[in-house]
Amino acid sequence: MPEFRASDGVRLNYFVWGEAGDRPPVFLHHGFAASALLNWHGTGVVQALLDAGRQVIAIDARGHGASDAPTDPALYGEVQLARDVGELLDHLGVEQVDLAGYSMGAVTALIFASGDARVRRLWIGGVGEAVIDLGGVETRLLPPGALIAALEADERPADMHPGVAEFRIFAERTGGHLKALAAQARSMHAAPIALDQIRVPTRLVVGDADPLARHPQRLADALPDAELIILPGTHLGVCSNPQFAESIVAFVN
């Protein structure tokens with residue numbers, strides 16, 4: 001697996017599938033506690049894009065997948081993750097991308113697209129009005145303090161918040177770096193994003209049973225050129241809906 005070192009020395013794992021073509025590559029950024037392989041390859045998104053003739057780039061965010069997993073919160077946060085996206089594009093010499101991000105990756109993608117002209121099209125999923133109200137993911141229903149405590153505990157707490165329990169169990173089952181994930185949770189983005197600066201065509205996709213993507217139309221309306229698609233599914237489950245991959249392929253093609 002190829003890797004590169006970010007400007008702060010953190011080693012980041014990434015993937016490149018397919019050959020460069022006339023259209024820009026599709027860059028995929030996964031969600032919290034997931035990885036490039038789990039979020040995008042295992043759900044069929046990568047293969048669907050390859051079948052459509054697209055080159056695909058995906059990153060394992062710091063603290064996730066096969067990338068380094070430091071435990072210093074100062075090394076995390078979606079602004080830093082967006083910086084990693086730019087540095088990987090620099091490393092690969094890529095001048096334009098169609099960018100897709102889910103949940104944490106969606107916040108990262110919005111931050112990146114608000115300040116970098118290399119994005120041609122933007123696909124985001126798993127987020128809603130919290131991006132406007134809180135500057136990121138829906139922490140009103142997924143309390144950061146409870147999430148951090150659950151991730152930092154040596155053994156799974158018996159009395160976890162239901163939403164927190166879902167992420168702790170998911171991280172355990174996928175071999176996640178719990179202390180590194182806690183560091184990211186301590187640094188989640190919570191400041192306004194310049195959504196009005198994102199003038200590229202944008203598609204927002206959410207599951208109809210996703211409590212972390214409440215009132216997604218508010219977010220779509222806050223973006224200059226966005227459409228909303230609602231699919232059957234939960235926050236974690238919608239990624240396996242065949243329409244999920246189709247929503248990306250159809251939009252970037």
Side-chain angles (χ1 to χ4, degrees), residues 21 23-32 34 36 39-41 43-59 78 81-82 85 89 94 96-132 136-138 189 193-210 212-253:
R23 291 169 294 178
V26 181
F27 192 108
L28 305 174
H29 200 295
H30 62 79
F32 182 74
N39 215 152
W40 305 115
H41 194 276
T43 57
V45 171
V46 171
Q47 190 58 54
L49 287 166
L50 292 174
D51 290 344
R54 303 301 295 273
Q55 185 182 51
V56 181
I57 302 169
I59 191 171
E78 286 87 342
L81 302 187
V85 171
L89 294 181
V94 174
Q96 189 178 55
V97 292
D98 291 335
L99 179 60
Y102 191 76
S103 192
M104 176 189 76
V107 178
T108 301
L110 286 165
I111 292 170
F112 183 79
S114 70
D116 197 299
R118 285 177 285 187
V119 179
R120 186 189 73 148
R121 283 178 170 261
L122 177 65
W123 182 101
I124 51 174
V127 290
E129 67 177 1
V131 172
I132 300 170
V137 296
E138 182 56 87
H189 194 262
I193 300 172
L195 300 177
D196 61 327
Q197 298 301 308
I198 303 174
R199 304 190 179 278
V200 298
T202 303
R203 173 174 286 183
L204 169 60
V205 176
V206 302
D208 63 355
D210 183 357
L212 301 182
R214 295 192 302 177
H215 303 126
Q217 189 63 57
R218 280 191 63 204
L219 176 56
D221 290 343
L223 291 159
D225 183 9
E227 62 178 351
L228 170 65
I229 293 179
I230 300 176
L231 300 177
T234 62
H235 187 75
L236 297 179
V238 72
C239 302
S240 298
N241 183 329
Q243 294 174 285
F244 183 83
E246 293 169 8
S247 75
I248 299 176
V249 174
F251 180 64
V252 299
N253 284 340

Could you tell me if the side chain of H29 sits less than 4.5 Å from the side chain of M104, heavy atoms only? yes
Set of residues satisfying side chain to side chain contact (heavy atoms under 4.5 Å, CB included) with respect to R121, sequence neighbours excluded: D98, P201, F251
Is there a side-chain contact between R23 and N253 (heavy atoms, below 4.5 Å)? yes
Would you sort out whether V249 and E246 count as a side chain to side chain contact (heavy atoms under 4.5 Å, CB included), showing the intermediate values? CA-CA 5 Å; V249 174; E246 293 169 8; 5.8 Å; no
Check the pair L28, L49 against side chain to side chain contact (heavy atoms under 4.5 Å, CB included), reporting the backbone distance first and the verdict last. CA-CA 11 Å; L28 305 174; L49 287 166; 4.3 Å; yes
As a quick check of understanding, evaluate side chain to side chain contact (heavy atoms under 4.5 Å, CB included) for L110 and E78, giving each step before the final call. CA-CA 10 Å; L110 286 165; E78 286 87 342; over 6 Å; no
Would you mind reporting whether L228 and L219 have side-chain heavy atoms less than 4.5 Å apart? no
Residues which pass ring-ring contact (aromatic ring centres under 6.0 Å, His included) with H235, listed by chain and number, not counting sequence neighbours: Y102
Donor-acceptor check, side chain of R54 to backbone of P24, threshold 3.5 angstrom: yes or no? yes
Are E129 and H215 close enough that a side-chain donor and a side-chain acceptor fall under 3.5 Å? yes
Between R120 and V252 (side chain of the first, backbone of the second, donor and acceptor by atom type, cut-off under 3.5 Å), is there such a pair? yes
As a test of understanding, state which of V200, L223, D225 forms a side chain to side chain contact (heavy atoms under 4.5 Å, CB included) with L122. V200
Heavy-atom donor-acceptor pair, R203 side chain to S247 backbone, under 3.5 Å: yes
Verdict with reasoning, V107 to I193, per side chain to side chain contact (heavy atoms under 4.5 Å, CB included): CA-CA 9 Å; V107 178; I193 300 172; 4.1 Å; yes
Heavy-atom pair of closest approach, residues A245 and A48: CB-CB, 4.2 Å
